[in-house]
Amino acid sequence: MEQRYNPQTIEARWQSFWEENDLFTVTEKPGIPKYYLLEMFPYPSGKIHMGHVRNYTIGDVVARYKRMRGFNVLHPMGWDAFGMPAENAAIANNTHPAKWTYDNIDAMRAQLKQMGFSYDWSRELATCKPEYYRWEQWLFLKMYEKKMAYRKESFVNWCNSCQTVLANEQVEAGMCWRCGRLVRQKKLWQWFFKVTDYAEDLLLYSDRLPGWPEKVITMQKNWIGRSIGAEIRFPLPKSNRTGDTEIPVFTTRQDTVCGATFMVLAPEHPLVLKLSQGTGQEKETAGFVERMALQDRSVRSLESFDKEGVYIGADCINPLTGRKIPIYTANFALMEYGTGAVMSVPAHDQRDFEFARKYGLDIVVVVDPAGEHLDPATMEEAYTGEGIMVNSGEFDGMPNVDALDEIARYLEKNDLGKKTVSFRLRDWGISRQRYWGAPIPMIHCEGCGIVPVPEKDLPVMLPEDVEMLSGGKSPLPSLESFTSTVCPNCGKRAHRETNTMDTFVESSWYFERYCSPACDRGMFDPQAVAYWMPVDQYIGGVEHAILHLLYSRYYTRVLKEMGLVDFKEPFTRLLTQGMVCKETLSCAEHGFLLPDEVQTDGELRRCIKCGNQVTVGRIEKMSKSKKNVVDPNVLLDKYGADTTRLFCLFAAPPERDLEWSEQGVDGGYRFLNRLWRFYVDWVQHVTAVKPFNGSPESLDGAVKELYRKTHQTIAKVTSDIEDRYHFNTAISAIMEMFNRMSGFEPDDPMEDTLMVMRCAMDNMALLLSPIVPHFAEELWQALGNPPSILEMPWPESSATALEKEELLIVIQVNGKLRSRFSVSADIDDETVKEKALADERIQKFINDKPIKKVILVKNKLVNIVV
RNA sequence: GCCGAAGUGGCGGAAUUGGUAGACGCGCCAGACUCAAAAUCUGGUGGACCUUGUGUCCGUGAGAGUUCGAUUCUCUCCUUCGGCACCA
């Protein structure tokens, strides 16, 4: 053991030891319980950031811990390698997306290896490789066969700056999730996956994921957005000449149908233009529809957004009252939800109420609150609560909650509508007008239409000999050698689909691919998947709570439907770690500043460029734009991987945000140094003895205390890791144990004493090994144990060592702590009470007040109520 | 607006089932070592008060409640963060 702790030397040494001995490569071992630990794979952006470091450190602790607990642990790593940044970088640096991506992968792999993570690198995969995406194309063909993948022309969210379509989930408050610019509407032919077929099942199973955070489940449920209601058909008058006879609407408030005084259609609704023909309103209607088509979705969703609409000149009939009601088209009606038509009940829906007031439409009250009468003329807002039916014919007098069912039944009986369920969830649009993605394996033939690429022709290779276009557009449509092909059906000239798949498709099955990454007969080897899947513990950022996790759950259902897997849920347990945050520094003139652009001048901090005072801003998520980032490489150079890992785990429990603190990192480094020096001093004295393994009864004094502390710490660290993943308190416990060890002054230097110390030192190394693995290996070896520590079983705490013969009893008077005393563990309750009452200081508090009650909590506390 | 999470010393955080609030670390203060500094080591460190004690009182965002006893349970409110937001 070196005199000085030198992290760089020992970390490099152990990393190569692990690699040379192939310690992280795993295979299926049917007799041994498996544990699949997965962290969300990174996009190869060039460098790992602190978010990755935290995520992967948490995962590595669990992987190493489970391994020591005897599990056959699968812990893979790979690259989510398709995506737009590669194209942008390629244009900016005049390189190729593939080269940029593979260079980044090499750089990031080296960084991850430096962190000492226990990955089975033999399973590494990159989703941009043909041997990966070929199977995704294969499944696409299967999905197309089963009508799970289909094409339709639809309005899509279009980001003009990224030149691409975005999924609803990729639009955040009307802005592109990636570049933050406004999203517009555009009509394009798109490929879709029929996620909505599984809406019900995905929702149902949300409640069968006990290992997932409640927060994520709630978000998914809200996203799926199931509403129970009715579809009601509103007839069109016989006089209408379009040939259409009715307009179906979806409502959750069929009890209020008699209060429906107008109808609202989405501007894109096919009946809008048709019905307005020849009514004199056609010009105004068409003008409105056109204006709405150009209006950005972002404007529509703004808070200040004004409800706006026009009368289309036609009317329909309220099926229950027989009343003729006007049809409007308005900007708040969505074509994608329900039937694209709304029955408007202004008395009982706030949005309809505002619209009715704005356009002077009738308001009819059909639900009165108990004991009250609403007057449409004086109402100031819609009444949406429960009440008693009025103005509804035979349903009058009925509680509206009962009318919900009764009216639904009435509608069904009279063939006017039916009970139904509507979902907020839309089908997954997977077409991207991008180059750097998996080609959709379809061919467009003038004669035969859409024809799938035959299975034997897979993969449809993404051509790598392309020139990236500076405008950011995909080069594929203009690449003759790619688009030009022959129709597999008729043999005539045809052209390929030039859209590529959303990269969320790749990340929806990579965890299955890891089970047999080299498999060339299918997506994966079914036996390997049967052994490893599902993932026992998945760890990643909460930003993927909806997108990636819902898609993966869906895709797994597709695989099950195809008979490829026999489970529905891919991730048994999910941990979403908090963000890594740090304060921002900024100066009035130069904006955000890096820490080394700031100099400390006494109490003040100044900008080195202009000398202005620096504002210390809020603690925010680390981001390049705010310059509040910490480069993992700098930490590795200065402190090494173990200190970096230690701080990430110690500063906060994993699900919470972590506030970066340079001083905190330093504290971790000092702890490791103290520990190192302690081992340097003690190792020579204990290598000759075996760890203490006898009965604690034969020990006493400080020696016994140390032995007990060792076992208490084993128990505490084990439960903190096993039950809660609270590594911060596990580390605290180890620090406490170390404080005990370093203050250890044995009364006599007997062999027992050395054996107890040896036991403490061995166990400390074992407890530390998932957290600071290189450091622990070094301690382990210095104690004369054979490497590797990660092959050792996790220590067990002994019940007899934990037994206490002395207990501290706390005495309260009226719930306030007044005194305490020690008793032997075998004392009976009555004696404890007597002792408490007899206590001098307690007597002082009791005086001669009568004792009402004495409460005793076994082995802990006595409370005397006076 | 709706849904959810969080609020504890100067700071990060602990208190796992209603039972000693503030573990552990950072920072700060004092001392030791040193010509000196750094590093290291030792001790102290929620606030107020006094009679300096194993002292009294206050103290977990605010206010109420349940309880012998509440950081923990219930209600109301405030603040911060996250998600959703014309979904009929």
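Naming convention: chains lettered A, B, ... in sequence-line order (proteins, then strands); numbering from 1 in each chain.
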*So, are A/E662 and A/K638 salt-bridged, with charged N and O less than 4.0 Å apart?*
yes

_Nucleic acid contacts - residues 857-866 of chain A versus RNA chain B, non-hydrogen atoms under 4.0 Å_ = A/V857, A/K860, A/L861, A/N863, A/V865

*Is any side-chain nitrogen or oxygen of A/R818 closer than 4.0 Å to OP1 or OP2 of B/G69?*
no

*Respond yes when some side-chain nitrogen or oxygen of A/R656 is under 4.0 Å from OP1 or OP2 of B/C81, and no when none is.*
no

*asked:* Can you check the distance between B/U16 and B/C68, where both ends of the measurement are the P atom (answer in whole Å)?
replied: 22 Å

*asked:* Is there a side-chain contact between A/R740 and the phosphate of B/A23, meaning an N or O under 4.0 Å from OP1 or OP2?
replied: no

*asked:* What's A/S661 touching, base or sugar-phosphate or nothing? Going by heavy atoms closer than 4.0 Å.
replied: nothing

*Quote, to the nearest angstrom, the C1' distance that separates B/U74 from B/U66.*
7 Å

*asked:* Rounding to an integer number of angstrom, what distance separates B/A30 and B/C77 when you compare their C1' atoms?
replied: 45 Å

*Taking the six-membered ring for Trp, are A/F504 and A/H544 parallel (under 30°), tilted (30 to 60°) or perpendicular (over 60°)?*
perpendicular

*How does RNA chain B look in dot-bracket notation if pairs are Watson-Crick or G-U with both distances under 3.5 Å, crossing ones as [ ], other-strand ones as |?*
(((((((..(((......[....)))((((((.......))))))(((((..).))))..(((((..]....))))))))))))....

_Does A/Q812 reach a base, just sugar-phosphate, or nothing at all? Heavy atoms under 4.0 Å._
base

*In whole angstrom, give me the gap between the P atoms of B/C41 and B/G63.*
43 Å

_Contact under 4.0 Å: A/R670 side-chain N or O vs B/A39 OP1/OP2_ = no

*Can you check whether any acceptor in the base of B/U56 is under 3.5 Å from a donor in the side chain of A/K816, or vice versa?*
no

_First encountered from the 5' end of RNA chain B, between A/E736 and A/L658_ = A/L658

*Please state the C1' separation for the pair B/C50 and B/A14 - nearest whole angstrom.*
32 Å

_Nearest-angstrom distance, P atom, B/A5 to B/A39_ = 44 Å

*side chain to side chain contact (heavy atoms under 4.5 Å, CB included) between A/N318 and A/M263, worked out*: CA-CA 9 Å; A/N318 183 319; A/M263 163 82 67; over 6 Å; no

*Would you indicate what A/I731 reaches in the nucleic acid, counting non-hydrogen atoms under 4.0 angstrom: base, sugar-phosphate, or nothing?*
nothing

*Describe, in one word, how the ring planes of A/W428 and A/Y551 are oriented to each other, choosing from parallel (under 30°), tilted (30 to 60°) and perpendicular (over 60°).*
parallel

*asked:* Applying a 4.0 Å non-hydrogen cut-off, can you work out what A/R820 is touching in the nucleic acid: base, sugar-phosphate, or nothing?
replied: base

*asked:* Under a 4.0 Å threshold between the charged nitrogen and the carboxylate oxygen, would A/R708 count as salt-bridged to A/E705?
replied: yes

*How are the rings of A/F678 and A/F738 set to each other: parallel, tilted or perpendicular (split at 30° and 60°)?*
perpendicular

*From B/C84, B/G12, B/A88, pick the nucleotide closest to the side chain of A/T252?*
B/A88

_Over all strands shown, is A/T339 touching base, sugar-phosphate only, or nothing at heavy-atom distances under 4.0 angstrom?_
nothing

*Considering only the C1' atoms, how many Å lie between B/A70 and B/G19, rounded to the nearest integer?*
10 Å

*Side chain of A/A651: nearest nucleotide among B/C84, B/U20, B/G12?*
B/G12

*Got A/V630 and A/K582 here, is their nearest side-chain heavy-atom distance under 4.5 Å?*
yes

*Do A/D666 and A/R670 sit within salt-bridge range, that is, some charged N less than 4.0 Å from a carboxylate O?*
yes

*Do the non-hydrogen side-chain atoms of A/T329 and A/V310 ever get within less than 4.5 Å of each other?*
yes

*Under the rule syn = chi within 90° of 0, otherwise anti, which is B/G9?*
syn

*Respond yes when some side-chain nitrogen or oxygen of A/R677 is under 4.0 Å from OP1 or OP2 of B/C41, and no when none is.*
yes

*Taking atom P in both B/U60 and B/G9, compute the distance separating them and give it to the nearest angstrom.*
9 Å

*asked:* Taking any heavy-atom pair under 4.0 Å as a contact, classify A/R4: base, sugar-phosphate, or nothing.
replied: nothing

*From the options B/U16, B/A15, B/U20, select the nucleotide whose nearest atom is closest to the side chain of A/T729.*
B/A15

*Cation-pi between A/R4 and A/W676: NZ/CZ under 6.0 Å from ring centre and within 45° of the ring axis?*
no

*Mark yes or no for a side-chain to base donor-acceptor pair under 3.5 Å between A/R426 and B/C87, with no hydrogen or angle criteria applied.*
yes

*Begin with the C-alpha distance, continue with both residues' side-chain angles, and end with the deciding distance and a verdict on side chain to side chain contact (heavy atoms under 4.5 Å, CB included) for A/F423 and A/T196.*
CA-CA 8 Å; A/F423 292 93; A/T196 50; 5.8 Å; no

*Describe the nucleic acid contact of A/G338 in one word from base, sugar-phosphate, nothing, applying a heavy-atom distance below 4.0 Å.*
nothing

*Starting at the 5' end of RNA chain B and moving along, which residue's nearest nucleotide shows up first, A/G668 or A/S742?*
A/G668

*Which is it for A/I842 and A/R818 under the side chain to side chain contact (heavy atoms under 4.5 Å, CB included) test, yes or no, and what are the steps along the way?*
CA-CA 7 Å; A/I842 292 308; A/R818 293 303 179 190; 3.6 Å; yes

_Atom-to-atom span, CZ of A/F332 to C1' of B/C87 - whole angstrom_ = 12 Å

*When we call it a touch if two heavy atoms are under 4.0 Å apart, what does A/D352 touch: a base, just sugar-phosphate, or nothing?*
nothing

*Consider the side chain of A/Y337, meaning its heavy atoms from C-beta on, and name the nucleotide among B/C87, B/U16, B/G83 that approaches it most closely.*
B/C87

*Determine the contact category for A/N673: base if any of its heavy atoms lies under 4.0 Å from a base atom, sugar-phosphate if only primed atoms, P, OP1 or OP2 are that close, otherwise nothing.*
nothing

*Do A/R291 and A/E308 pass the side chain to side chain contact (heavy atoms under 4.5 Å, CB included) test, and can you show the C-alpha distance, the side-chain angles, and the key distance before you say yes or no?*
CA-CA 11 Å; A/R291 201 151 55 79; A/E308 219 189 322; 2.7 Å; yes

*Write down the distance between OH (A/Y328) and C1' (B/A88), rounded to a whole number of angstrom.*
18 Å

_Once hydrogens and angles are ignored, does a donor-acceptor distance under 3.5 Å link the base of B/A23 to the side chain of A/S732?_
yes

*asked:* For B/C24 and A/N728 - does any side-chain N or O of the residue sit under 4.0 Å from the phosphate oxygens OP1/OP2?
replied: no

